[in-house]
Structure formats: structure tokens, C-alpha cells
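Down below is the structure, laid out as C-alpha cells.
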Amino acid sequence: MKLDDIDRLAPLWLALHGHHRKIAPQLAPFVADDTSWKNRKRQYTELLAGEWFGFIAVDNGRDIGYLLCGRRPMSWNATFAVASTLWELVTLFVDEKYRGRGVGSRLLAAMDASVARSDIRTKLIGVIPDNRAAVALYKSRGYLPTWLMLTRFQRSAPAYRATSSVTIEALGTSDVHALEALWLSLHHHHQAVSPGLGPFVTDDVSWPVIRGLLSESARDGLLLGARYGDRIVGLASAAVYGIDELASYSDTWIAGEKAGEIKFLVVADIMRGLGVGAALMQAINRDLAARGVHDQFVGAMEPNRGAIRFYESHGFRPAWLELTKF
């Protein structure tokens, strides 16, 4: 595939966009086709300005599928002890009439051959969870479900009545040092529920990365703590993005001009099941709404089913599953 082949991909991408609408109608509302391709083309243009490769599958002069892969930074450097960059499969699509004939497998084999010639071996693949055939294909090739993104776009948060006795307060950068034990409890929980996803970084490597991220949230006024007596027993942090910063969403779903990400929500082990997480979620909803931000998304380790059920109970729906091969 060449740089000037981008427009050639438009009908194939729009067929995939239609497939997404068909298999996951609960994630509506979806953007119109013209908006979808405009935003997807922008994402491809940015991808092709870096290190990338791609392939188009052709049958008798007709384009029937394609694969695009790009190199990007590893975003889980506080969790996994792997290289700082990885290869991300940005799009894989095969025309519906040609599925089941090995076209997708041949495209993936071509990707594997290209990656084998590089100095980076870690690979990441993303898919809408309801695209079960694609998930099964990736699993059959050794990819492990790793990270699940859930969204709450154009939907209201469920009503919640506070039942916890904790006090929710805004935290500043000077409070971040007191959150180390909370983060490390989550880091250890990830290792307990996801032992097959390692290798994991050590605590002394993990905490400095998270400390920096929590400090950013504190400077933005979006770091909250749950206090019980003189102890901070829970934390929540968030960030706000313009929708144009979220290319992978703006080509698929309708959302507001701004979207909020819940970056971390952690509750001390001894306080779980007592409504602390729900109180933090309510406070985050309130603070984001005060900034005019109502659409939200949140991620969780895919094997962390307790966290995923919690977010689903607050109106989030599984929207994007990332699988890895470290």
C-alpha cells in the first residue's frame, strides 16, 4: 500500500462502519458516513506520517479488504514491563462476501512478516467486543484480551443515592504522595487477576509514572479523594479532551464537543463493597458536568471483571477491546 492509496480505502472503511452499526446497535448513536470517513481519513493521514505499513487485498481487480498497522508508544508503561513502543493494527477489514476464505488470515500473516523485520515485536489489536468472529480470530493467533474501553456517550448517568460514610474532596498535587499505597494495591490486583498478561513492572517503576499522571489531574482540578476519618481510602482522577483529540471515537460514535476520561478509580481493599466507588463516580460526574462534559469513557484490565461490572452498573457499555501479544 502507498501513501496515495488512502482515498481508495473509503468504501472499505464505510463497509466496516456499517458492520459496526449492525453488530453493536447498543453503542449508538453512530456518526453519518461522511463524518465517519472524514475523521477516519484524518487518523490515517496522521498514521501515514509516521512509521507504518499496509496491505490491500484484491480479487479480479476489486478491493476486498485491507490492513493498516502503525508504530506507537506503549501506553501501559506503569503496568507491563515491555518495550516502550509497539505495533498497533489500526484497521483490518474483509468484505462480507469474502469472509471465511482466509483473506483476513493472509493479511495478518503479511503483518506478522513485516513486524518480524523490525526491532519491535509487541503487537496490539483492537476490536468492538461484539465483533465476536474477529475476537475469535485474534485469540486463535495468540492474542490475549488485555484492555476494555467502556463508553457512556449521549446517555445520562444512572441516578445514585449516596450510601457511603466517606467524604469526597478535591486533592492537590501535595496530596499525591499519600496515594502511593492505593495505586500499588490496584497494581497488585491487576497482577492477581491477570497473571498471564505479564511481565509486570515492579512497584518502584510503576508508582513514579502514576504519580506524574495523578499530579496532572490534580493541576487540572480533577483529582478526588475519598476520606474516611484521617485516611484517604479511595481516589478518582479524570481528564477532559476535545472530541477531535479522540480520532478513534469521532469516526464511529456521536459525542459532545468534549469527552471526559476516568483515568483511575481505586478503592482500598478494606473499603470495597461499601459504596466508596459509587460516591467517587457521582463526584466525578458532578465535576465533569460542571465543565459542560457529559460524555465519558473509562478503561479497565479486561480480566478485571469486578471493575467492568461496576462501570456497567453506572451506565457504561463495552465499546473497544484491545488484545496484545507481548
Side-chain angles (χ1 to χ4, degrees), residues 1-58 62-73 75 87-98 104 107 111 124-131 134 149-155 239-261 291-299 317-322:
M1 180 177 165
K2 302 175 183 177
L3 277 169
D4 53 6
D5 283 326
I6 291 183
D7 286 324
R8 183 176 164 186
L9 302 178
L12 295 172
W13 165 256
L14 291 178
L16 178 57
H17 184 52
H19 181 61
H20 288 162
R21 292 197 299 265
K22 180 179 178 181
I23 63 173
Q26 75 280 4
L27 295 176
F30 290 85
V31 298
D33 283 359
D34 56 345
T35 299
S36 180
W37 174 242
K38 179 186 70 174
N39 291 335
R40 175 54 56 152
K41 181 179 180 179
R42 184 176 71 248
Q43 182 181 354
Y44 285 167
T45 301
E46 294 172 357
L47 172 73
L48 271 55
E51 191 171 353
W52 68 281
F53 58 83
F55 307 98
I56 299 176
V58 181
R62 178 191 174 197
D63 294 340
I64 62 169
Y66 73 105
L67 179 151
L68 262 180
C69 192
R71 189 163 168 167
R72 73 161 175 83
S75 58
W87 286 105
E88 178 183 7
L89 174 60
V90 177
T91 309
L92 171 63
F93 173 72
V94 176
D95 184 283
E96 186 175 9
K97 295 179 181 178
Y98 288 83
L107 286 167
M111 179 189 77
L124 179 148
I125 286 173
V127 62
I128 287 181
D130 286 295
N131 194 350
M149 193 69 69
L150 303 96
T151 59
R152 194 173 67 207
F153 289 162
Q154 303 296 285
R155 296 189 301 274
V240 175
Y241 307 96
I243 195 62
D244 288 342
E245 299 177 77
L246 303 171
S248 59
Y249 293 153
S250 61
D251 57 24
T252 302
W253 295 295
I254 295 173
E257 290 300 314
K258 296 179 180 180
E261 177 187 14
R291 299 173 183 229
V293 179
H294 302 281
D295 293 317
Q296 296 180 27
F297 63 99
V298 62
R317 296 174 183 171
W320 191 246
L321 174 64
E322 293 184 336

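Just so it is clear, the model here is predicted, and its values are computed rather than measured. The chain is numbered in sequence order, starting from 1. Atoms considered below: every heavy atom in the structure, side chains included; atoms not considered: hydrogens, waters and symmetry mates.
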Quiz item: Between Lys41 and Asp7, is the closest basic N to carboxylate O distance under 4.0 Å?
Solution: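 A salt bridge links Asp7 with Lys41.
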Quiz item: Quick one: do Arg21 and Asp33 make a salt bridge, cutoff under 4.0 Å?
Solution: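 Salt bridge between Arg21 and Asp33, a charged N being under 4.0 Å from a carboxylate O: yes.
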For the side chain of [X] and the backbone of [Y], is there at least one donor-acceptor N/O pair under 3.5 Å apart?
| X | Y | result |
| --- | --- | --- |
| Ser36 | Asp251 | yes |
| Asp295 | Ala255 | no |
| His17 | Val31 | yes |

Exercise. Could you walk me through whether Leu92 and Ile125 pass side-chain contact (heavy atoms from CB on, under 4.5 Å), step by step?
Key: CA-CA 9 Å; Leu92 171 63; Ile125 286 173; over 6 Å; no
Does any part of the side chain of [Y], heavy atoms only, come nearer than 4.5 Å to the side chain of [X], both counted from C-beta?
| X | Y | value |
| --- | --- | --- |
| Phe297 | Tyr241 | yes |
| Tyr44 | Thr91 | yes |
| Leu27 | Phe153 | no |
| Leu107 | Met111 | no |
| Arg291 | Lys258 | no |
| Asn39 | Thr252 | no |

Exercise. Before giving the answer on side-chain contact (heavy atoms from CB on, under 4.5 Å), spell out for Val90 and Arg40 the whole-Å C-alpha distance, their side-chain angles and the decisive distance to 0.1 Å.
Key: CA-CA 11 Å; Val90 177; Arg40 175 54 56 152; 3.7 Å; yes
Quiz prompt | Residues Leu68, Leu48; criterion side-chain contact (heavy atoms from CB on, under 4.5 Å); working and verdict | solution = CA-CA 9 Å; Leu68 262 180; Leu48 271 55; 4.1 Å; yes
Quiz item: Are the aromatic rings of Phe53 and Trp87 close, with centres under 6.0 Å apart?
Solution: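 Ring-ring flag for Phe53/Trp87: true, centres closer than 6.0 Å.
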Quiz prompt | Worked check of side-chain contact (heavy atoms from CB on, under 4.5 Å) between Phe30 and Ile254 | solution = CA-CA 5 Å; Phe30 290 85; Ile254 295 173; over 6 Å; no
Self-check item: Name of the residue among Glu51, Glu88, Glu46 meeting salt bridge (Lys or Arg N to Asp or Glu O under 4.0 Å) with Arg72
Solution: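 Result for salt bridge (Lys or Arg N to Asp or Glu O under 4.0 Å) with Arg72: Glu88.
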